[in-house]
Amino acid sequence: MHDLPTLVTILRAALSILHKQDIQTAANTLSQYVQSTEGKPIRLGDDCAAIPEKDGYLLFAAEGIVPQLVEQAPWFAGWCAVMVNLSDIAAMGGTPIAIVDALWSPSPSHSQPIWQGMQAAAQAYGIPIVGGHTNCHSPHFGLAAAVLGRAQHLITSFNAEPGDSLVVVLNMTGEYYRDYPFWNAATQADPTDLRTQLRCLPHLAATHLVNAGKDISMGGIAGTLLMLAEASGCGAILTLDNLPRPHDTSWKKWLTTFPSFGFLLSVPPQNVPKVQQFFHPYPLTCQPIGTLTPGHQVFIGHKNEQQLLWDLTHPLTGFASVR
């Protein structure tokens with residue numbers, strides 16, 4: 001691998017992490033909370049908006065797909081539009097209800113592989129596409145989707161506590177999709193396995209074994225850890241020595257990879273064995289890889305050396321808890 005200072009320098013300059021700063025435009029415009037139509041507070045900055053209803057929550061989220069991916073790999077982009085939204089719902093302990101999409105393409109023929117990818121994922125995960133927006137006369141490609149879900153017990157990004165263990169849950173079965181930073185453990189998987197694995201998260205939420213969690217997004221493990229620490233108002237140490245990764249994959253690539261199934265969890269240390277036991281029946285990797293700490297600094301550690309990745313007194317997304 002690169003020496004640790006070089007690796008950290010590369011990660012600080014990674015566009016998949018730096019582009020998370022675009023979220024500050026939403027934080028600066030909307031602030032940290034909004035009110036529901038019933039006057040109840042909805043906290044912003046999580047994987048989904050959690051809207052209180054009766055004895056639970058409606059979950060609502062949306063994701064846009066990078067236009068270059070839509071143009072160069074339209075079928076896979078369509079699949080991802082469904083998959084990433086379902087991961088957001090699962091990350092918060094929820095179950096999906098339905099998805100809508102917004103699609104722009106130069107012609108109906110260009111839109112067909114995108115539709116085929118979305119339909120393939122929707123059928124594999126057992127979630128209906130119920131509407132949206134379609135434009136086949138656009139000078140550019142564009143794809144986004146939004147998902148509605150429901151949760152009884154939330155896993156949020158806001159409740160990580162200093163002293164918690166940082167635990168990663170991953171599906172390591174698969175391979176990289178072409179030359180993209182996407183670990184594909186989904187498109188060739190058994191649909192029953194895909195559905196079962198996503199249902200793990202609401203079952204985990206009901207156990208109250210974890211304090212917080214987040215879906216590993218396009219920022220990869222490194223970027224997602226920064227967002228989790230920022231949202232909870234704490235720091236962290238990520239220890240590479242304990243982090244599983246695919247054979248012959250560099251740390252730089254793996255730390256900025258979007259996995260098909262990947263979550264970071266903040267777990268009280270005494271609960272880590274129970275969380276690992278919870279995931280043991282499934283073909284998933286569950287491993288403690290670091291610690292949440294007081295303060296606002298996130299470090300990368302390797303072989304008794306530590307390097308500062310980010311000081312969160314300089315915002316990343318702008319959605320931050322204050323301790």
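- Counting only N and O atoms by type, the side chains of Asp3 and Thr6 include a donor and acceptor under 3.5 Å apart.
- Inter-residue side-chain proximity for Leu226 and Ile17 is flagged as met; some heavy-atom pair is nearer than 4.5 Å.
- Between the CG atom of Leu292 and the CG atom of Leu238 there is a distance of 11.0 Å, given to the nearest 0.5 Å.
- Annotation: cation-pi geometry satisfied between Arg245 and Trp251 (NZ/CZ under 6.0 angstrom from ring centroid, within 45° of ring axis).
- In this structure, Val8 and Leu308 have side chains that are not in contact, with every pair of non-hydrogen atoms separated by 4.5 Å or more.
- The side-chain contact (heavy atoms from CB on, under 4.5 Å) test with Phe261 is passed by exactly one of Asp215, Asp193, Ile216, Leu201: Leu201.
- When all heavy atoms are compared, the tightest approach of Asn85 to Ala61 is OD1-O, 3.6 Å.
- Nearest heavy-atom pair across Ala151 and Leu59 is CB-CD1, 3.9 Å.
- Annotation: Tyr57, atom OH; neighbour count of heavy atoms from other residues, nucleotides and ligands within 6.0 Å does not exceed 12.
- Taking the side chain as every heavy atom from C-beta outward, Lys253 and Pro246 never approach each other to under 4.5 Å.
- Considering all non-hydrogen atoms of both residues, Asn184 and Tyr177 come closest at ND2-CD1, 4.1 Å.
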Test side-chain contact (heavy atoms from CB on, under 4.5 Å) on Leu255 and Leu7 and set out the steps.
-> CA-CA 10 Å; Leu255 289 169; Leu7 173 63; 4.2 Å; yes
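- In this structure, the side chain of Ser138 engages the main chain of His140 through a donor-acceptor pair within 3.5 Å.
- Hydrophobic cluster membership is shared by Phe182 and Trp79, with clusters built from Ile, Leu, Val, Met, Phe, Trp and Tyr side chains linked at under 4.5 angstrom.
- With respect to Ser109, the side chain to side chain donor-acceptor pair (under 3.5 Å) criterion is satisfied by exactly one of Ser111, Ser107, Ser105: Ser107.
- Separation of atoms CE (Met118) and CG (Leu143) is listed at 5.5 Å; rounding is to 0.5 Å.
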Take Trp183 and Leu170 through the test side-chain contact (heavy atoms from CB on, under 4.5 Å) and record every step on the way to the result.
-> CA-CA 10 Å; Trp183 181 254; Leu170 292 164; over 6 Å; no
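- Side chain to side chain, Asp164 and Asn211 meet the donor-acceptor criterion of an N or O pair below 3.5 Å.
- Using a 4.5 Å cut-off on side-chain heavy atoms (C-beta onward), Met227 and Ser217 make contact.
- Ion pair Lys303/Asp241 not flagged as a salt bridge, since none of the NZ, NE, NH1 or NH2 atoms sits closer than 4.0 Å to an Asp/Glu carboxylate oxygen.
- Counting heavy atoms from C-beta on, the side chains of Leu309 and Phe299 never come closer than 4.5 Å.
- Grouping the Ile, Leu, Val, Met, Phe, Trp and Tyr side chains by contacts below 4.5 angstrom, directly or via other members, places Phe158 apart from Ile89.
- No side-chain donor-acceptor contact under 3.5 Å links Glu161 to the backbone of Pro268.
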Give the table of side-chain donor-acceptor pairs shorter than 3.5 Å for residues 269-285, with sequence neighbours excluded, one pair per line with atom names and distance.
{"residue": "Asn271", "atom": "ND2", "partner": "Leu209", "partner atom": "O", "Å": "3.0"}
{"residue": "Gln276", "atom": "NE2", "partner": "Cys286", "partner atom": "O", "Å": "3.1"}

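- Under a hydrophobic-cluster definition in which Ile, Leu, Val, Met, Phe, Trp and Tyr are linked whenever side-chain heavy atoms come within less than 4.5 Å, directly or via other members, Phe258 and Trp75 are assigned to the same cluster.
- Of the N and O atoms on the side chains of Tyr176 and Thr257, at least one donor lies less than 3.5 Å from an acceptor on the other residue.
- Looking at every heavy atom in both residues, Gly318 comes nearest to Gln32 through O-NE2, 3.0 Å.
- Ring centers of Trp104 and His133: under 6.0 Å apart, within the cut-off.
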